[in-house]
Amino acid sequence: MGNDITILIGGKAGQGIQTIGAILAGICHDAGLFVFSTDDFQSRIRGGHSFHLLRVGSRPLSAPSIRPDILVAIDENTYDIHREKLMSSGIAILNKNGGNDGDSKGNIYRVPLQDLAAEAGGKIASNTVAAGVVAAVMGAGLDRVRAVIESRFEAKGEKVQTLNLAAVEKGYGQGRDICFQSPFSFDGEKSPDHVVMAGAKAAALGALAADCRFFPFYPMSPGTGIVTEVAANLGKLPVVMEQAEDEIAAVNMAIGASYAGIRSLVATSGGGFSLMVEGLGLSGITETPMVIINAQRPGPATGLATRTAQADLLFSIHASQDEFPRFVFAPGSVLDTFKTVKRAVMLSEKYQVPAIVLMDQYLTDSARTETNDFVVGDEHHSYIQDTEMYQGETYHRYKITEDGVSPRCLPCTPHALVRVAGNEHTPDGLPSEEPLNRVAMVDKRFVKLPAMTRELRLPSVFCNNSSFFLTGWGSSKGCIMEACLHLREEGIDAGWIIFEDLWPLDAQGLKDMLTGKRLIMVEGNATSQLGTLIRTLTGIEYLAAILKYDGRPIYPEYIVERVKDIQAN
Amino acid sequence: MTTSIFDTDRENQWCPGCGNFAILAAMKQAFEDQNLKPRDILLVGGIGQAGKTPHYLACNMLHGLHGRALPMATGAKLANHHLNVVVSSGDGDCYGEGGNHFLAAIRRNLDITLLVHNNQVYGLTKGQSSPTTDLAMGTKLTPGGPTSTPLNPLALALTAGAGFVARGFSGAGEQLAGLIQEAMNFRGFAMIDIFQPCVSFNKINTHLWYKERVKDLGDTGHDPTDLPQALAVAMTEPGTQIPTGVLYRKPGVPFQDRFTVLKDKALTDYPFAGDQINDILSGI
Ligand SMILES: Cc1ncc(C[n+]2csc(CCOP(=O)(O)OP(=O)(O)O)c2C)c(N)n1
Ligand code: SF4
Ligand SMILES: [Mg+2]
């Protein structure tokens, strides 16, 4: 099995619990271990309760775990809130003075983090002390720990670096005395084949690799993280970002820029996406490529601002009045996010349709070890038709073609007049209410659909002859996979079916694939939206549904328990 | 009728006698006076009678959603700031549905020309009140007149920091063509609020009503570099005199100059930055 533990670090917003996790993840990554972290935080800047989960494994991890082996309580509340979840073999480290004891939920160690930090030279470094404690408990060598601290604080100057080195050693000294059952071997080396990354960064890099150059945005969690990652590369690339006055402006800016020849992407969350819907239709009828990333959070309206959900699937497929072809994707991992965003940009350009990528708070914020397959590829290839640009008055932006895709030119480049209208239009782009033309134009847009459908992949299937299939989509992929493997270890004959390409789907292909299979839907919404979609497309009814809409990720443990409940009934 | 290289063969849908015809003619004249060709210009239209203007001009055209012409123009301009962009919008489109974008475009100092065909009514949707409708004007939906006080677009633009603010009148075509040309040559946000009679739905602010009140600022010794003076003109008691011409002209830093990456060339002129992106990816 290999070693596999989870560390829960809890405290108040503003106490820097993520920093502790990031240092620990760095130490583990340097030793070739695999990490998976998630953040659970409130929509506030100070106070309240937040926690960071860091899972570390000697084998690849595809999901977080909610059962900590090490519980680090930075504030008073954390232990009480999480002690029930602590493994019986686990330990708790409390930020306190006093001795060590234990209870039915494991051993308790008290470490006065602030005092130790003060001894090291400054209370500000108390998180570094905490990282030192846990690193020692996990079995990391001091050299490794020091190396991570050195590089992490290098840019902050020698004084800060020295303080943190002293602090981490203070913590390390304390941690060595703590007895923990499952220490790791930290003898391995960092693998060049692995990177630790969160979904937000992968989305940003995917967009850049596909030659997106314009990112108009209006801040909304959890979409903001994506554009923040784009901003980190400003100055290095021909990229423009603009904070729009609202999401309506953002989406219309994206369309304007795309019309003028720049690939544009807007990242937002459900509320912002709702405001963008009329613009989505404009992209549809004007056949102007554009990618929208909707990082889902629970709604409707403001909902739960910093939490996660998978409840915008059907909305994304149907958003906007009337009908037009579009792509909808929901990547399942961080690497999938990079690849999917690239593909979405490319397919949007190729077919001149909008593409929507569904992410969520869980996927954007959780950092994990991924195979380093983050490469440019050829998605930047241009579909703009240079030869047509010289065609002067005869150029028609909406020329009727066999595949529905018309030659695309850019305005004010040599001669062609590029006329685009959100009104129904004739091939030259000028508005027309003529009924035959209207039909021709709707048909022209929909002629693209078969080829678009062929571009998309049917869901991945694991253990094709299983007695039932955990069936889900997007970000819960890893949790479903892990739950499935866990069930199989227990002798339960589970398989999985996971969708990452969601629209347009090949209904017949899907029907052939799913006929005779018993589906247990696993989704982050209250009505089983994928189950509804499958039924609509294929007539196939799912057997049961594990639905989670509490705003938290669908942890593997939860799926396993619920499958057993379903089996018991 | 004289012919122009900017003519299109589309049937014009405006009502006979509509002030928009004169604005259209003034635009053609302004374009021709600058020796521009159809391919040189990008017209961005809002939705409404005013927003239809680009349909009747042989230019590049981007015609999108009600109220959203300015964000579209912003995107196009960031993509390729060499584009010569003229936006045709209405009082409802620009000051109502798109009001937030109007303020944002001014603050950005977006380097475009904005023509607001201000007929003080929603024309295309048959005569509802607009943000500039007179309180005394009853409409089908607001029989007792609008419930909101009319907006002063010129004062609003000036206080928000617009660099070029002018008032035109469709009945003064020569002056208007000159204003449009001047606005197009201004580096930065240039707006002209153009009073335009709507013969079908505005029975108060008629051609004659405007004609009796307009007064060319050029004849008054107005100093368009003086902001307090410009504001005083903008605050002229509504319904008394209508000063026309350039109220204010002061160049500032246009939007595109606020982006280092656009200093050397337009975003569209850069090749794909594959090597730099590979560097970023190999550094992760
Ligand atoms: C989202 C949306 N809301 C409403 C409309 C209907 N609509 C079209 S034009 C218009 C008002 C136009 O008024 P104005 O901008 O003053 O233009 P005018 O017709 O007077 O030139 C409205 C409300 C629309 N097209 N889209
Ligand atoms: S309704 Fe008014 S604004 Fe519209 S075309 Fe007729 S006269 Fe002109
Ligand atoms: Mg109007």
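Letters go in sequence order (proteins before strands), and every chain restarts at 1. In what follows, every heavy atom counts, from backbone to side chain, and hydrogens, waters and symmetry copies are set aside. Keep in mind that what you see is a predicted model, and the values were worked out from it rather than measured.
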Other residues, nucleotides, ligands: >12 heavy atoms within 6.0 Å of [X] [atom1]:
{"X": "Y390(A)", "atom1": "OH", "result": "no"}
{"X": "K126(B)", "atom1": "NZ", "result": "no"}
{"X": "Y218(A)", "atom1": "OH", "result": "no"}

In the structure I gave you, are the side-chain heavy atoms of [X] and [Y] within less than 4.5 Å of one another anywhere?
{"X": "N423(A)", "Y": "I47(B)", "answer": "yes"}
{"X": "M72(B)", "Y": "Y259(A)", "answer": "no"}
{"X": "H55(B)", "Y": "R419(A)", "answer": "no"}
{"X": "H415(A)", "Y": "R39(B)", "answer": "yes"}
{"X": "T413(A)", "Y": "N80(B)", "answer": "no"}
{"X": "F338(A)", "Y": "L281(B)", "answer": "yes"}
{"X": "L430(A)", "Y": "M61(B)", "answer": "yes"}
{"X": "H381(A)", "Y": "F272(B)", "answer": "no"}

Need one label for [X]: side chain, backbone, both or neither, based on atoms under 4.5 Å from any heavy atom in chain A.
{"X": "A73(B)", "value": "neither"}
{"X": "F259(B)", "value": "side chain"}
{"X": "S282(B)", "value": "neither"}
{"X": "Y56(B)", "value": "neither"}
{"X": "L103(B)", "value": "neither"}
{"X": "I280(B)", "value": "side chain"}
{"X": "N100(B)", "value": "both"}
{"X": "T260(B)", "value": "neither"}

Please report the shortest heavy-atom distance between [X] and [Y], naming the atom on each side.
{"X": "H63(B)", "Y": "L282(A)", "answer": "O-CD1, 4.5 Å"}
{"X": "N252(A)", "Y": "P71(B)", "answer": "CB-CB, 3.7 Å"}
{"X": "P271(B)", "Y": "P238(A)", "answer": "O-CG, 4.4 Å"}
{"X": "A244(A)", "Y": "R108(B)", "answer": "CA-NH2, 3.5 Å"}
{"X": "P411(A)", "Y": "L83(B)", "answer": "O-CD2, 3.9 Å"}
{"X": "A273(B)", "Y": "L237(A)", "answer": "CB-CD2, 3.8 Å"}

Q. Do you know which of V239(A), L234(A), T288(A), I285(A) has the most heavy-atom pairs under 4.5 Å to chain B?
A. V239(A)
Q | chain B contacts, top residue of D428(A), D246(A), V195(A) (heavy-atom pairs, under 4.5 Å) | A | D246(A)
Q: Consider only side-chain N and O atoms of T426(A) and R10(B), and report whether a donor and an acceptor are under 3.5 Å apart.
A: yes
Heavy-atom distances under 4.5 Å only: say whether [X] touches chain B with side chain, backbone, both or neither.
{"X": "Q243(A)", "answer": "backbone"}
{"X": "V375(A)", "answer": "backbone"}
{"X": "P414(A)", "answer": "backbone"}
{"X": "A209(A)", "answer": "both"}
{"X": "V251(A)", "answer": "neither"}
{"X": "L205(A)", "answer": "side chain"}
{"X": "A416(A)", "answer": "backbone"}
{"X": "V376(A)", "answer": "both"}
{"X": "S264(A)", "answer": "neither"}
{"X": "M241(A)", "answer": "backbone"}
{"X": "D211(A)", "answer": "both"}

Let's test your reading of the structure: which of [options] forms the most heavy-atom pairs below 4.5 Å with chain A?
{"options": "A58(B), G75(B), G64(B)", "result": "G75(B)"}
{"options": "L42(B), L70(B), I41(B), I284(B)", "result": "I284(B)"}
{"options": "L267(B), T268(B), V261(B)", "result": "L267(B)"}

Q. Would you call R107(B) and E245(A) a salt bridge, using N to O less than 4.0 angstrom?
A. no
How many angstroms lie between atom [atom1] of [X] and atom [atom2] of [Y], to the nearest 0.5 angstrom?
{"X": "H101(B)", "Y": "I248(A)", "atom1": "NE2", "atom2": "CD1", "result": "5.5 Å"}
{"X": "L65(B)", "Y": "I255(A)", "atom1": "CG", "atom2": "CD1", "result": "7.0 Å"}
{"X": "M253(A)", "Y": "T74(B)", "atom1": "CE", "atom2": "OG1", "result": "4.5 Å"}
{"X": "I277(B)", "Y": "L208(A)", "atom1": "CD1", "atom2": "CG", "result": "5.5 Å"}

Q: Please assess D279(B) against K236(A) for the test side chain to side chain contact (heavy atoms under 4.5 Å, CB included), listing each intermediate value before the final yes or no.
A: CA-CA 10 Å; D279(B) 283 350; K236(A) 291 181 240 169; over 6 Å; no
